[in-house]
Protein chains: 2
Amino acid sequence: MSRCGADLALLLLGSYRSMVNAATSELASRGYEDFKPIHEFALRAIVAGADSASDLGRRTSVSKQAAAKTIAVLVERGYVVSAPDPNDARRKRLQVTGAGLEVMSLGESILENLREKWKEQIGSTELATLEAHLTELVGDAAIRIDAPGWVAQDSA
Amino acid sequence: MSRCGADLALLLLGSYRSMVNAATSELASRGYEDFKPIHEFALRAIVAGADSASDLGRRTSVSKQAAAKTIAVLVERGYVVSAPDPNDARRKRLQVTGAGLEVMSLGESILENLREKWKEQIGSTELATLEAHLTELVGDAAIRIDAPGWVAQDSA
DNA sequence: TCTAACTAGACAACCATGTTGTCTATTATC
DNA sequence: GATAATAGACAACATGGTTGTCTAGTTAGA
């Protein structure tokens with residue numbers, strides 16, 4: 001199908017886009033209008049323990065300033081609250097709100113549905129193989145969510 | 001390997017990134033410092049027949065103004081020349097220069113090498129199967145290169 | 001044929017998301 | 001206790017996208 005390296009790259013990108021677009025538009029249609037992948041990933045990172053702006057920046061390979069901006073948006077929209085850390089007056093501890101958890105689980109279930117649909121298309125074993133191969137390709141890079149940047153442009 | 005939909009999405013994105021990052025850093029090390037994926041795709045589109053700014057915008061699903069900005073960069077760096085169209089005084093015909101073709105073929109060969117390496121890792125048939133499955137997933141979306149936006153953030 | 005509609009491209013203003021650099025307050029470390 | 005490191009705020013800027021508006025040129029139709 002794919003004849004050259006560039007096509008393969010495009011194919012990978014297209015597949016990602018295809019999933020994420022479907023997810024964001026679905027989320028939008030359910031009332032989460034401006035929720036972009038970057039927000040999802042930031043929430044995930046916060047839940048995973050990135051409880052401060054600097055921390056979030058480190059974990060997502062982005063400057064703390066950029067992280068702070070993202071957090072500001074999430075706070076403004078009520079997905080995250082930020083409160084002074086009693087143990088360290090410099091820090092502000094982040095916490096995902098109920099609304100934040102809700103949108104996360106909704107997003108995840110949408111993506112999960114997409115994966116299921118795909119599984120039906122190509123078969124369960126085939127999907128597993130594909131995932132294994134992709135994992136092999138990305139290697140260590142898989143560990144880090146990394147640069148929200150390349151995930152930011154979207155909206156559907 | 002991948003347990004949920006979000007992981008699969010991330011895996012796809014990671015795979016793309018992994019290829020493109022390697023390519024851009026390789027290009028950078030060979031002297032093409034500021035060459036980003038967006039430029040590559042724009043050149044490809046121009047070669048494929050998008051010979052004006054408006055045209056390029058349409059083909060890459062971007063406003064003509066955005067396309068014009070990208071073109072301005074490519075022209076400035078000598079990858080593209082823009083000359084008045086003798087048949088239509090409104091238009092400026094775009095043409096990829098020798099340098100442009102050179103960087104394109106270099107980029108392509110780098111990506112091709114990456115694909116080869118991957119082929120050795122997982123096997124030729126497996127790679128073909130994987131590509132076929134991905135093609136199935138993206139469906140029609142595969143046709144359009146689409147939004148340079150999600151391809152823009154990079155640099156390596 | 002002449003007018004109306006469309007098209008190309010230029011320009012400006014703006015938005016989003018990232019970057020660096022600088023500053024203050026606080027905490028850690030020697 | 002002096003020095004270094006860290007958190008976060010703020011400002012300036014780069015990039016890459018958007019709309020909106022304008023002019024010049026083309027095309028189509030009454």
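Residue numbers start from 1 in every chain, and the chains themselves are labelled A, B, ... in the order their sequence lines are given, proteins ahead of strands. Everything numeric here is computed off the predicted structure, so don't read it as measured data.
Whole-Å rounding puts the A:L56 CG to D:dA9 P distance at 13 Å. Atom C1' of nucleotide D:dA14 and atom CD1 of B:I38 are separated by 14 Å, given to the nearest angstrom. In this entry the distance linking CD of B:E76 with P of D:dA14 reads 13 Å, nearest Å. We find that NZ of B:K36 is positioned 12 Å from C1' of C:dT17, with the value rounded to whole Å. The CZ-P distance, from B:R59 to C:dA8, rounds to 12 Å in whole Å.
Residue A:R58 places at least one side-chain N or O closer than 4.0 Å to OP1 or OP2 of D:dA7. In terms of phosphate contacts, A:S63 brings no side-chain nitrogen or oxygen within less than 4.0 Å of OP1 or OP2 of C:dT20. Listed pair A:S54 / D:dG8 meets the phosphate criterion, a side-chain N or O lying under 4.0 Å from OP1 or OP2. Look at A:S52 and you'll find a side-chain N or O under 4.0 angstrom from OP1 or OP2 of D:dG8. Put simply, A:K69 has no side-chain N or O that comes within less than 4.0 Å of OP1 or OP2 on D:dC10.
The side chain of B:A53 has C:dG9 as its nearest neighbour among C:dG18, C:dT27, C:dG9. Across C:dA8, D:dG16, D:dT18, the shortest atom-to-atom separation from the side chain of B:R91 is found for C:dA8. With distances taken from any side-chain atom of B:K64 to the nucleotides D:dG17, D:dA7, C:dA8, the minimum falls on C:dA8.
Side-chain atoms of B:K92 stay outside donor-acceptor range of the base of C:dG9, with no qualifying N/O pair under 3.5 Å. In the interface, the side chain of B:R90 is paired with the base of C:dT7 through a donor and an acceptor atom under 3.5 Å apart.
Using cut-offs of 30° and 60° on the angle between ring planes, the pair B:Y32 and B:Y79 is tilted.
A salt bridge (charged side-chain N to carboxylate O under 4.0 Å, His left out) with A:R115 holds for exactly one of A:E131, A:E108, A:E120; it is A:E131.
If you find the closest nucleotide of DNA chain C to A:P86 and to A:H39, the one lying nearer the 5' end belongs to A:H39. The residue among A:R93 and B:Q65 whose nearest nucleotide of DNA chain D is located toward the 5' end is A:R93. Both A:D85 and A:V73 lie near DNA chain C, and the one whose nearest nucleotide falls closer to the 5' end is A:V73.
Surrounding CZ of A:R77 are more than 12 heavy atoms belonging to other residues, nucleotides or ligands, all under 6.0 Å away. Within a 6.0 Å radius of CD in B:E116, other residues, nucleotides and ligands contribute more than 12 heavy atoms.
Here A:A66 lies in heavy-atom contact (under 4.0 Å) with a base. When heavy atoms are screened at a 4.0 angstrom cut-off, B:D55 is found touching no nucleic acid atom at all.
Linking Ile, Leu, Val, Met, Phe, Trp and Tyr residues whenever their side-chain heavy atoms come within less than 4.5 Å leaves A:V81 and A:V96 in two separate clusters. Under the 4.5 Å side-chain contact rule for hydrophobic residues, B:L27 and B:V73 do not share a cluster.
Each end of the helix from C:dT1-D:dA30 to C:dC30-D:dG1 gets its own axis, taken as the rotation carrying the C1' atoms of four end pairs onto the next four within a five-pair window, and the two axes meet at 10° to the nearest 10 degrees.
Here B:L12 contributes atom CG and A:L130 contributes atom CG; the two are 7.5 Å apart, rounded to the nearest 0.5 Å. Here the CE-CG distance, from B:M19 to A:L13, works out to 11.5 Å after rounding to the nearest 0.5 Å.
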